[in-house]
Asker: 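Before I ask anything, let me first share the structure, which is written out below as structure tokens.
Whatever order the structure lists them in is the order used to number ligands and atoms, beginning at 1.
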Amino acid sequence: YAKASGKACYALFDTAMHLKAVARLDLETDLRQAIANQELQLNYQPISSLETGNIEGFEALVSWQHPQQGHVGPDAFLPVAEETGLIVPLGHWVLKEACMKLRQWQQTFPHAHSYFITVNLSSRELCHPDLVRHIQAVLSETQLTAHCLKLEITESTILDKSEFVLTRLAELQQLGIQLCIDDFGTGYSSLSYLQSFPINFLKVDRSFIHQLETKENLEIVRTILHLAETLDLEVVAEGVETINQLLQLRALNCQHGQGYFLARPLADAQIELLLEKEERWYENSGCTVSLPQ
Ligand code: C2E
Ligand code: MG
Ligand code: MG
Ligand code: MG
């Protein structure tokens, strides 16, 4: 009996493994086509000043309009893209599209010149030998100035990286591109790397912002802000979902925020409507969103 059931288990396991492998292969094939067929789309989520509510820039977030499955979020396909190396052409597309879009907005809306765009970089992209040259080429092709581009790298991505990557990051920074640590606080880091890496921004992970009412999270965020000040880094709070979180962050002197309370990630056409409206706001008062004083 034991033997029989053991066998059945194996059979089940094999089937499950097999199905998983097939699904993964399908995803890989589909993703390859998606890149070629322009099924990928960028959404842009505003990053705003917590003091004034004014938009300061946008984070480009990729999503996939799958012909059968509909909308597929990045968490569902980026791991496969990263494993297979498809992340490199995908990332090239994202970078170019994002830079082009911001440049276009700058040409259409005079006040958009001060905006920045942030693009996420995966581990594999970061290690690619052509990284710096490629980014330079995209900037010159799209005619976007380097200081309008920020790159986001997660804490866990940066941690195990070599001297080689560190040098590349320093080169990017020398071009005028700013570097952000994404999801800050979720890596298991000793903080010593903050000194050795050339960084400009910390993006505090939304898990800390989510329950800012709890004493622990409040103290963690306070400590991060203090640390950032000491190291001369700017801070963006991720996942600001409520007015209370915003007010608490503001009281802690956190300068920048991103999250559903301020704005959701929006398609380019929606951003353009926002910028049009904003332009009128600017003419009148210079403030875009009415926040409590
Ligand atoms: P991330 O870089 O930390 O991006 C922020 C994520 O939080 C986005 O999820 C965004 O939609 C979500 N978010 C923003 N505000 C709120 C909020 O108030 N509450 C909650 N609950 N969530 C909020 P999304 O678009 O699903 O992206 C997930 C991750 O996928 C990103 O995390 C980033 O690591 C990665 N990613 C997205 N686009 C790209 C890309 O073009 N290239 C690479 N390499 N990674 C990307
Ligand atoms: Mg990010
Ligand atoms: Mg993040
Ligand atoms: Mg994240």
Asker: Looking only at distances, can you tell me whether any N or O atom of Val62, backbone or side chain, sits closer than 3.5 Å to an N or O atom of ligand 1?
Answerer: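 The answer is yes, given that Val62 and ligand 1 share an N or O pair closer than 3.5 Å.
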
Asker: Could you check whether any side-chain N or O of Arg264 sits under 3.5 Å from a backbone N or O of Gln45, counting only pairs where one atom can act as donor and the other as acceptor?
Answerer: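 Looks like no, no N/O pair under 3.5 Å.
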
Asker: Main chain of Thr52, side chain of Ser49: is a donor-acceptor contact present, judged purely on distance under 3.5 Å?
Answerer: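 Between the backbone of Thr52 and the side chain of Ser49 there is a qualifying donor-acceptor contact (under 3.5 Å).
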
Asker: Working note: Asp232 + Asn200, criterion side-chain contact (heavy atoms from CB on, under 4.5 Å); need CA distance, chi angles, decisive distance, verdict.
Answerer: CA-CA 8 Å; Asp232 207 16; Asn200 309 93; over 6 Å; no

Asker: Could you establish whether Gly73 and ligand 1 come within less than 4.0 Å of each other, counting only heavy atoms on the residue side?
Answerer: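 Outside the 4.0 Å threshold, so no.
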
Asker: Do Gln211 and Thr214 have side-chain N/O donor and acceptor atoms under 3.5 Å apart?
Answerer: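 The criterion, which ignores hydrogens and geometry beyond distance, is not satisfied for Thr214 and Gln211.
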
Asker: Would you check if the side chain of Arg103 reaches a backbone N or O of Gln143 as a donor-acceptor pair within less than 3.5 Å?
Answerer: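 Looks like yes, one N/O pair under 3.5 Å.
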
Asker: With a sphere of 6.0 Å drawn around NE2 of His66, does it hold more than 12 non-hydrogen atoms of other residues, nucleotides or ligands?
Answerer: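 Enclosed.
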
Asker: So, does Glu59 sit close enough to ligand 1 that a heavy atom of it is under 4.0 Å from the ligand?
Answerer: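 In this structure, Glu59 qualifies as a contact of ligand 1 - some heavy atom is under 4.0 Å.
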
Asker: Where's the contact between Val119 and ligand 1, heavy-atom distance under 4.0 Å: side chain, backbone, both or neither?
Answerer: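 Under 4.0 Å from ligand 1, Val119 contributes no heavy atoms.
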
Asker: Checking contacts here: is it the side chain or the backbone of Gln258 that comes within 4.0 Å of ligand 1, counting heavy atoms only? Could be both or neither.
Answerer: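 The answer is neither; Gln258 stays 4.0 Å or more away.
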
Asker: Please determine which of Asp182, Asp205, Ile181 meets the side chain to side chain contact (heavy atoms under 4.5 Å, CB included) test together with Glu155.
Answerer: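 For Glu155, the side chain to side chain contact (heavy atoms under 4.5 Å, CB included) check succeeds only for Ile181.
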
Asker: Tell me which N, O or S atom from Glu152 is the closest to the Mg ion (ligand 2).
Answerer: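 Nearest N/O/S atom of Glu152: OE1.
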
Asker: With atoms numbered from 1 as shown, which atoms in ligand 1 lie under 4.0 angstrom from a non-hydrogen atom of Gly259?
Answerer: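 Under 4.0 Å from Gly259, ligand 1 has these atoms: 15 (N), 18 (O).
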
Asker: Output yes if Asp183 passes the N/O/S-under-2.8 Å test against the Mg ion (ligand 3); output no otherwise.
Answerer: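 Asp183 does place an N, O or S atom closer than 2.8 Å to the Mg ion (ligand 3).
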
Asker: Can you list everything that forms a ring-ring contact (aromatic ring centres under 6.0 Å, His included) with His113? Sequence neighbours excluded, please.
Answerer: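 For His113, no residue satisfies ring-ring contact (aromatic ring centres under 6.0 Å, His included) once neighbours in sequence are set aside.
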
Asker: Heavy atoms only: which of Val94, Leu78, Leu262 lies closest to atom 35 (C) of ligand 1?
Answerer: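 Residue with the shortest heavy-atom distance to the ligand atom: Leu78.
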
Asker: Please list, in number order, the atoms of ligand 1 under 4.0 Å from a heavy atom of Glu125.
Answerer: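 Near Glu125, meaning under 4.0 Å from one of its heavy atoms, ligand 1 has 44 (N).
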
Asker: If the condition is salt bridge (Lys or Arg N to Asp or Glu O under 4.0 Å), which residues does Glu219 pass it with, not counting sequence neighbours?
Answerer: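 By the salt bridge (Lys or Arg N to Asp or Glu O under 4.0 Å) rule, Glu219 matches Lys215, Arg222.
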
Asker: Taking non-hydrogen atoms only, is Leu42 closer than 4.0 angstrom to ligand 1 via side chain, backbone, both or neither?
Answerer: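 It is neither; nothing of Leu42 touches ligand 1.
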
Asker: If you measure from atom 3 (O) of ligand 1 to every heavy atom of Thr154, Thr157, Asp183, which option wins on shortest distance?
Answerer: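 Answer by nearest heavy atom: Asp183.
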
Asker: In this structure, does ligand 1 have an atom that sits under 4.0 Å from one of the heavy atoms of Glu238?
Answerer: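 Glu238 counts as a contact of ligand 1 under the 4.0 Å cut-off.
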
Asker: Check whether any side-chain N or O of Thr84 sits under 3.5 Å from a backbone N or O of Val80 as a donor-acceptor pair, and report yes or no.
Answerer: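 Yes.
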
Asker: Hey, is Asp75 touching ligand 1 through its side chain, its backbone, both or neither, going by heavy atoms under 4.0 Å?
Answerer: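 Side chain only; the backbone of Asp75 stays clear of ligand 1.
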
Asker: Do you know which N/O/S atom name in Glu59 is closest to the Mg ion (ligand 2)?
Answerer: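 Nearest N/O/S atom of Glu59: OE2.
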
Asker: Using a cut-off of strictly less than 2.8 Å, determine whether Thr118 has an N/O/S atom near the Mg ion (ligand 2).
Answerer: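 Here the distance criterion (N, O or S atom, under 2.8 Å) is not met by Thr118, so no.
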
Asker: With the threshold set at under 4.0 angstrom, would you say Glu241 reaches ligand 1 through any of its heavy atoms?
Answerer: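 For ligand 1, residue contact (heavy atoms, under 4.0 Å) with Glu241 is present.
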
Asker: Glu82 near ligand 1, heavy-atom distance under 4.0 Å?
Answerer: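 Checking ligand 1 against Glu82, which is what was asked, there is no heavy-atom contact under 4.0 Å.
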
Asker: In plain terms, say whether Glu241 and Arg206 are close enough for a salt bridge, that is, a side-chain N and a carboxylate O under 4.0 Å apart.
Answerer: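 Salt bridge flag = no for Arg206 with Glu241.
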
Asker: Does an N or O anywhere in Asp182 fall below 3.5 Å from an N or O of ligand 1?
Answerer: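 For ligand 1, there is an N or O atom that lies under 3.5 Å from one belonging to Asp182.
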
Asker: I need the OD1(Asp182)-the Mg ion (ligand 3)-OE2(Glu238) angle, rounded to 10 degrees.
Answerer: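 If I round to 10°, I get 100°.
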
Asker: With respect to Asn120, determine whether any N or O atom, backbone or side chain, lies less than 3.5 Å from an N or O atom of ligand 1.
Answerer: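 Indeed, backbone or side chain, Asn120 has an N or O that close.
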
Asker: Under a 4.5 Å cut-off applied to non-hydrogen side-chain atoms, are Glu59 and Lys203 in contact?
Answerer: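 Yes; the side chains approach each other to less than 4.5 Å.
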
Asker: Identify whether the distance between the nearest side-chain nitrogen and carboxylate oxygen of Lys96 and Glu141 falls below 4.0 Å.
Answerer: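 Result for this pair is yes, salt bridge flagged.
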
Asker: Looking at Phe201, is its backbone amide N or carbonyl O close enough to the side chain of Gln178 to form a donor-acceptor pair, meaning the two atoms are under 3.5 Å apart?
Answerer: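 Side chain of Gln178 to backbone of Phe201, a donor-acceptor pair under 3.5 Å: no, none is there.
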
Asker: Tell me whether Glu125 contacts the main-chain N or O of Ser122 through its side chain, where contact means a donor paired with an acceptor under 3.5 Å.
Answerer: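 Yes; at least one donor-acceptor contact below 3.5 Å.
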
Asker: Using a 4.0 Å cutoff against the non-hydrogen atoms of Pro265, which atoms of ligand 1 qualify?
Answerer: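 Near Pro265, meaning under 4.0 Å from one of its heavy atoms, ligand 1 has 11 (O).
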
Asker: Quick one: which of Lys203, Glu97, Gln245, Gln45 has a heavy atom closest to atom 14 (C) of ligand 1?
Answerer: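 When every heavy atom of Lys203, Glu97, Gln245, Gln45 is considered, Gln45 comes closest to atom 14 (C) of ligand 1.
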
Asker: Look at ligand 1 and say whether Gly91 reaches it with a heavy atom at a distance under 4.0 Å.
Answerer: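 So Gly91 does not count as touching ligand 1.
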
Asker: What part of Ser122, side chain, backbone, both or neither, has a heavy atom within less than 4.0 angstrom of ligand 1?
Answerer: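 The answer is both.
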
